[in-house]
Number of protein chains: 2
Amino acid sequence: MKLSIKTDYACRAIAWMAQHYDEDQTVHVQALAAAQGIPENYLVQILTVLRSAGFVKSKRGKDGGYCLTRPPGKICFGDVVRAVQGHVLDIPSLGDPNCPEGMKEVWRKIKHSAEQIADSVTFEDLVSASEQGGGMFYI
Amino acid sequence: MKLSIKTDYACRAIAWMAQHYDEDQTVHVQALAAAQGIPENYLVQILTVLRSAGFVKSKRGKDGGYCLTRPPGKICFGDVVRAVQGHVLDIPSLGDPNCPEGMKEVWRKIKHSAEQIADSVTFEDLVSASEQGGGMFYI
DNA sequence: ACGAATCTTTAGTAAATCACTCAGGATGGT
DNA sequence: ACCATCCTGAGTGATTTACTAAAGATTCGT
């Protein structure tokens, strides 16, 4: 079970826009790509996904760019991850009748726990964590 | 983040051998494959991994087969998953200096939680759960 | 209206991974 | 010797990943 870099990029993109949310400016793809170390052409595709999922809106033309559609406190990790890769954790055998019920319960428990953590952290939490420069969980 | 069917097969194989552990018999690949709905030739490869990881031992020749090297209570989910796929959750961006620290902490927390659950369940737990025919967690 | 800067969309692609399949060899009991 | 079983390594079609590229649409300043 491996986190795809695409999902990570998506979260980084949202995180960056969350940090610049109060300035009420659009962010250029190029700037975002450079700031987060993401290949520009790849980021474009990711932003398209994030736009159709409703997290960001875009403006074309000169002085165009991207910005969040709602405050960072209203977007959680889980939402973004699900928009990019469907599930936080995808456990195909949960739908397999050959898989013993006891095992399914273990997978389900792991899946549920991952989802709960991802859903409990918003991008506002990330912004405040980075402003304090310190841990947001193990204070 | 998707669970590979290979890992699932590996756990099913161990689970099946755990259920037949007290009989102190070897299990044939063919029987195991049929019982758990796993392609036989694929299962062979998985058992090889499990053997070199020390979970099972094999016997060749007529009346050969596989059995666990230790009681099911001494083998946990996490062990088997790590033997097959390296990590319970693999988060490559934890090693990426471009990934913001706050995000790493979220991934780390999810990873840690998944590992802890996987490490807290043994295959003996699975056997007793299936004997009772009921839930092992949400009693 | 023009041109530059930006986003939009679609297509392509090399590499890796997944989930097998197969063939031939080694081993051990009878 | 024979046969049932495990052992090993090679091969493979399909899918996914992580990009790259190119041609088009939109907006703004002038």
Side-chain angles (χ1 to χ4, degrees), chain A residues 1-13 17 25-53 55-69 81 84-87 90-93 96 98-99, chain B residues 1-13 17 25-53 55-69 81 84-87 90-93 96 98-99:
Chain A
M1 294 199 274
K2 182 169 166 181
L3 178 69
S4 80
I5 203 169
K6 184 177 184 178
T7 303
D8 190 57
Y9 286 166
C11 292
R12 286 193 212 177
M17 286 187 270
Q25 293 179 355
T26 58
V27 180
H28 297 166
V29 174
Q30 205 176 16
L32 182 43
Q36 291 291 323
I38 304 173
E40 194 181 326
N41 287 327
Y42 196 25
L43 181 56
V44 161
Q45 294 174 18
I46 293 167
L47 286 169
T48 300
V49 172
L50 293 176
R51 180 164 47 81
S52 60
F55 297 113
V56 302
K57 59 190 171 194
S58 60
K59 198 183 155 195
R60 295 213 241 193
K62 198 162 188 177
D63 221 41
Y66 287 89
C67 64
L68 298 180
T69 55
V81 173
V84 176
Q85 59 181 29
H87 302 79
D90 186 12
I91 315 282
S93 55
D96 181 350
N98 284 323
C99 184
Chain B
M1 295 200 273
K2 184 170 166 179
L3 177 70
S4 81
I5 203 166
K6 183 176 184 178
T7 304
D8 190 57
Y9 286 166
C11 292
R12 287 192 211 178
M17 286 187 270
Q25 295 179 355
T26 58
V27 179
H28 297 167
V29 175
Q30 205 176 16
L32 182 43
Q36 292 291 324
I38 305 174
E40 193 181 329
N41 286 326
Y42 196 24
L43 180 56
V44 162
Q45 292 175 19
I46 293 166
L47 286 168
T48 301
V49 173
L50 294 175
R51 180 165 47 81
S52 60
F55 297 114
V56 301
K57 60 190 169 193
S58 59
K59 199 183 155 194
R60 295 213 241 193
K62 194 160 192 179
D63 222 42
Y66 286 89
C67 64
L68 298 180
T69 54
V81 173
V84 176
Q85 58 181 32
H87 302 80
D90 185 12
I91 315 280
S93 54
D96 180 352
N98 284 322
C99 184

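How far SG of A/C11 is from CG of A/L3: 7.5 Å, rounded to the nearest 0.5 Å. The structure places CG of B/L32 at 12.0 Å from OH of B/Y9, a figure rounded to the nearest 0.5 Å. Once rounded to the nearest 0.5 Å, the distance linking CD1 of B/I46 with CZ of B/R12 reads 10.0 Å. Here the OG atom belonging to A/S4 is positioned 11.5 Å from the CG atom belonging to B/D90, to the nearest 0.5 angstrom.
Between the P atom of C/dT6 and the CG atom of A/L32 lies a distance of 14 Å, rounded to the nearest Å. Between A/Y42 atom OH and C/dT9 atom P the separation is 18 Å, expressed in whole Å. Straight-line distance from the NZ atom of A/K59 to the P atom of C/dT8: 13 Å, rounded to whole Å. A straight line from CE of A/M1 to P of D/dT16 spans 18 Å, rounded to a whole angstrom. Atom P of nucleotide D/dT16 and atom NZ of A/K6 are separated by 12 Å, given to the nearest angstrom. The separation between A/L43 atom CG and D/dT20 atom P is 12 Å, rounded to whole Å. Computed from coordinates, the A/I38 CD1 to D/dA18 P distance equals 13 Å when rounded to whole Å. One interatomic measurement links the two molecules: CG of A/N41 to C1' of C/dT9, which rounds to 12 Å at whole-angstrom precision.
In this structure, A/D63 reaches neither bases nor backbone, as no heavy-atom distance under 4.0 Å exists between it and the strands shown. Among the atoms of the strands shown, only primed sugar atoms or phosphate atoms (P, OP1, OP2) are found under 4.0 Å from some heavy atom of A/V27.
Close to D/dC7, at under 4.0 Å from its OP1 or OP2, lies a side-chain N or O of B/R51. Of the side-chain N and O atoms in B/Y9, one or more sit less than 4.0 angstrom from OP1 or OP2 of C/dC20.
Of the two residues contacting DNA chain D, namely A/I5 and A/G61, the nearest-nucleotide position lying further toward the 5' end is that of A/I5. Nearer the 5' end of DNA chain C, as judged by each residue's closest nucleotide, is the contact made by A/K62, out of A/K62 and A/Q45. Comparing A/E40 and B/L3 by the nucleotide of DNA chain C that holds the closest heavy atom to each, the one mapping nearer the 5' end is A/E40. Checking B/K2 against B/Y66, the closest nucleotide of DNA chain D that is more toward the 5' end is the one next to B/Y66.
Closest contact between the side chain of A/S58 and the listed nucleotides C/dC7, D/dC6, D/dT20 involves C/dC7. Which of D/dT8, C/dC20, D/dC28 sits closest to the side chain of B/V44 comes down to D/dT8. Counting only heavy atoms from C-beta on, B/R60 has its side chain closest to C/dG25 among C/dG25, D/dT8, C/dC7. For B/P39, taking side-chain heavy atoms from C-beta onward, the closest of the listed nucleotides C/dT21, D/dC6, D/dT20 is C/dT21.
Heavy atoms of other residues, nucleotides or ligands lying less than 6.0 angstrom from CD of A/E40 number more than 12.
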